[in-house]
Amino acid sequence: MQETEVLIAGAGPTGLVLACELARRGIGFRIIDKATEHFGGSRADGIHPRTLEVFADLGVLDELRAAGDGGIPLRKYDDGDLVWEGRPSEPAPPAPGVPHPDPWFVPQFRTEEILRKALAGYGGQVELGVELREFHQGDRHVTAVLADGTELRAHYLVGADGGGSTVRRALGIGFHGETDETTGALIADVRLSGLDRDRALAWSRGGEMVSAQPLAGTELFTVTTSRDDITATPSALQERLRWASGLDVRVHEVHWNSTWRANARLAERYRDGRVLIAGDAAHVCPPTGGQGMNTGVQDAYNLGWKIAAVLRGADPALLETYEAERRPVARGVLELSGRLLDLLREDDSEAHVRGPELNQLGLHYRGGPLSAEERGEPGPLRAGDRAPDAPCERDGAAVRLFELFGGTRWTLLDFGGSLGDPGIADLDVHAVVRGAGRPGDVVDVHGHARTGYGVGAAALFLIRPDGYLGWCGDAGDLAGLRSYLLPKLNAPAPRVTG
Ligand SMILES: Cc1cc2nc3c(=O)[nH]c(=O)nc-3n(C[C@H](O)[C@H](O)[C@H](O)COP(=O)(O)OP(=O)(O)OC[C@H]3O[C@@H](n4cnc5c(N)ncnc54)[C@H](O)[C@@H]3O)c2cc1C
């Protein structure tokens, strides 16, 4: 019998981020995928600002920046008339609290490639052609059975195995929602000539929609047609493009294609004992607004540190907070992408406009099981909110708060610097002061940290490993800090194996 601490079924973006999170915490894991080769399609090409922050923490942002672009304008024609032209969203300048305000576009296959490279840097590797068939749970283990009959024993199994999830089905977890068989599309990544790469084009003709969008960081275009009954050959796609646009477009090669159905479903539970589901296995939404992959990445970022902490001795109740925090987020994402799909169906002129509600920066866990707001007079930023960035200085050099939160540990921001050393291992403590402080103090020279955190006088902000405010307390409240944090930290327990 083979053994590991965590078995991840599925090596899409969700499984890969989870694997990176476990790997950088020294947790033993296997990540398997039934596909015999890596995914090669564009699919989720929009990476939203909150996900960019996650990717920055994982150390892959520079590579993603080099592999994509910030988006291009769109021109939309209706029966030959230009009816809409513009950018889906207007670029916003970086702000002290938001270093990455705009989405970035990278084809999904490239994002996965970059995540696999990061995983390799942590010593992990995807096992291709390895399919999870079934599993059995005991009190202490899950035993997975692979397609070749091999048995693999793990402390936890995570199904990151996509919308058709074997794991979710085996658990009998309902996947409620709807699949609209009447709204679908054929999507193909193609090499073509006859169109410029400086804008995307969409044509509506006789009720059919056809579009061609340059695929960021490649020489390809993604062609979409609402006729999903045609075969994705170069000649068939060329014929639809010429018919819709009237332009002399030539399609030379089809690299990848897929058909899509409007699907909106949410799993009724995210966990059953030692088995959890994440990403598309737990929620599928229409691609309008590009929320699916982003939500899966953040599921994994929420789950990774919790599984790692529990495996190293933290209170197992921590794992219950995963569904409590992430399922409401998925419900909101489904509503949002459904609204955008309705606009598209109605051919509404606003259908292509993308507002800040898509950037996922405002998602929060206020009122959730890990959010403890214990200040006498809380400010606008509360426990459960995303902890904002701010440019500061330390020992005369520039430092950003995000650099201090990055990595795998909890961070305490002690505004006012009166707490001193709380004597908690595994906790990074930073005094944030206004003027010249002691060596190592974070000096809020421009006041951006005080403004971003809404701090008038002194206060304590405890930031979780995934960048959200877990506990907020008044200055000096060491007892409050300890009673919140200690059960969630790795206990000095012996390493559990087998
Ligand atoms: C046309 C289209 C456009 C999209 N655009 C966007 C966008 O712009 N932005 C966005 O955020 N999202 C978008 N999405 C959604 C996005 O592609 C998905 O949400 C994302 O791929 C989900 O990632 P995942 O890792 O959860 O699952 P997947 O990417 O589906 O990966 C699951 C993996 O599990 C493997 N697997 C399945 N069963 C087993 C098994 N039994 N054993 C082992 N392995 C198994 C599969 O081979 C697969 O590799 C789009 C989707 C489509 C279809």
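Each ligand, and each atom within it, is numbered from 1 in the order the structure gives. This one's a predicted model, so the numbers in the text were calculated from it and none came from an experiment. All heavy atoms count here, side chains included; hydrogens, waters and symmetry mates do not.
- Residue-level proximity to ligand 1 for Q291 is carried by the backbone, the only part with a heavy atom below 4.0 angstrom.
- Contact annotation: the side chain of V254 never approaches that of D189 to less than 4.5 Å [non-hydrogen atoms, C-beta and beyond].
- Taking only non-hydrogen atoms, the option from D299, L128, D161 nearest to atom 36 (N) of ligand 1 is D161.
- Under 4.0 angstrom from ligand 1, the non-hydrogen atoms of I187 all belong to its side chain.
- The protein heavy atom nearest to atom 21 (O) of ligand 1 is Q108 NE2, 2.9 Å.
- In terms of polar-atom proximity, G279 is not counted as a contact of ligand 1, lacking any N or O under 3.5 Å from an N or O of the ligand.
- A donor-acceptor pair under 3.5 Å links the side-chain atoms of Q108 to the main chain of A44, judged by distance alone.
- At a heavy-atom cutoff of 4.0 Å, ligand 1 is contacted by the backbone of V130 but not by its side chain.
- For atom 25 (O) of ligand 1, the closest non-hydrogen atom of the protein is T14 N, 3.0 Å.
- By heavy-atom distance, the residue among G10, G290, S337, A35 lying nearest atom 34 (O) of ligand 1 is G10.
- The part of A160 lying near ligand 1 is the backbone, judged by heavy-atom distances below 4.0 Å.
- Heavy atoms of T224 stay at 4.0 angstrom or farther from ligand 1.
- Checking Q291, H48, E53, R386 one by one against Q360, the side-chain hydrogen bond (donor to acceptor under 3.5 Å, both in side chains) holds for a single residue, Q291.
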